[in-house]
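Remarks on the structure that follows.
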Amino acid sequence: MANPDWASIFQIKAGNLNKGDSWRLEFDDRLVPDLPHPGWKQYIRNTGARFKCTMCGRTWPSNRVMVVFNMHLTYGQGVVKMRRFRQNCKRCTAAPMEIPDITPENIDILLENLVEKIRIKCYHEDLGRGNRPPVNLDVKSPHEPNHCEACRSGFCTRNDTFNKKM
């Protein structure tokens with residue numbers, strides 16, 4: 001899904017936040033899990049997505065796609081920066097890291113959960129709802145740390161730690 005689609009879906013979901021504030025969503029591939037800038041809040045989730053190698057055309061699903069959100073509200077202006085961690089093809093030598101194609105349903109779930117976290121972390125509201133889990137894809141092979149950007153950077157985890165954090 002194209003970046004403007006993420007932003008427009010986020011705008012719709014963020015419309016229910018505090019009426020005087022405006023929010024925007026930005027992509028930032030420099031975000032590092034567990035190191036938000038001072039004053040910023042963090043939210044991390046794993047989700048399901050598909051990848052396609054730009055070299056050979058091979059596709060593969062993964063349910064271990066890390067997405068990091070950092071959020072900040074100041075003087076009525078809210079900003080969310082997000083990073084989708086990439087994977088590369090295990091068949092191609094020197095394959096580039098590919099951006100995940102997250103299903104529309106999982107984008108909706110991620111952004112719904114994000115807005116819930118904004119309510120908790122930026123507005124100190126807690127509606128008592130838990131995170132909606134992502135829709136898992138049919139994955140036939142195990143997660144491959146050597147082809148995962150988050151694993152290679154030391155951020156990925158095989159258990160559900162990041163889905164329970166922050």
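The first residue in the sequence is number 1, and the count goes up from there. Being a predicted model, the structure only gives us computed values, none of them experimental.
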Cut-off 3.5 Å, side chains only: do Y43 and N70 have a donor facing an acceptor? no
Indicate whether the side chain of Q77 and that of W23 have a donor and an acceptor atom separated by less than 3.5 Å. no
On a heavy-atom basis, the closest approach of L31 and K81 is CD1-O, 3.4 Å
Validation row: E26, V80 side chains within 4.5 angstrom (heavy atoms): no
Between E98 and K52, does at least one N-O distance fall below 4.0 Å, as a salt bridge requires? no
Residues that F10 engages under ring-ring contact (aromatic ring centres under 6.0 Å, His included), provided they are two or more places apart: none
Quick one: does F85's side chain get under 4.5 Å of V65's, heavy atoms only? no
May I ask you to test the L73-D21 pair for a side-chain heavy-atom distance under 4.5 Å? yes
Specify the closest pair of heavy atoms between H143 and C151, including all atoms of both residues, with the distance to one decimal. NE2-SG, 3.3 Å
Is there a side-chain contact between P96 and T54 in this structure, where contact means two heavy atoms from C-beta onward sitting under 4.5 Å apart? yes
On a heavy-atom basis, the closest approach of A94 and M55 is O-SD, 3.9 Å
Donor-acceptor contact below 3.5 Å, side chain E125 vs main chain I120: no
Aromatic plane relationship, W40 with H72 - under 30° parallel, 30 to 60° tilted, over 60° perpendicular: parallel
Taking 4.0 angstrom as the limit, do R86 and D29 come out as a salt bridge? no
Lys/Arg N to Asp/Glu carboxylate O, R83 vs E149, below 4.0 Å: yes
Within the structure provided, determine whether L110 and I102 are in side-chain contact (heavy-atom separation under 4.5 Å). yes
For the student: nearest non-hydrogen atoms of P100 and R84, plus distance: CG-CB, 3.8 Å
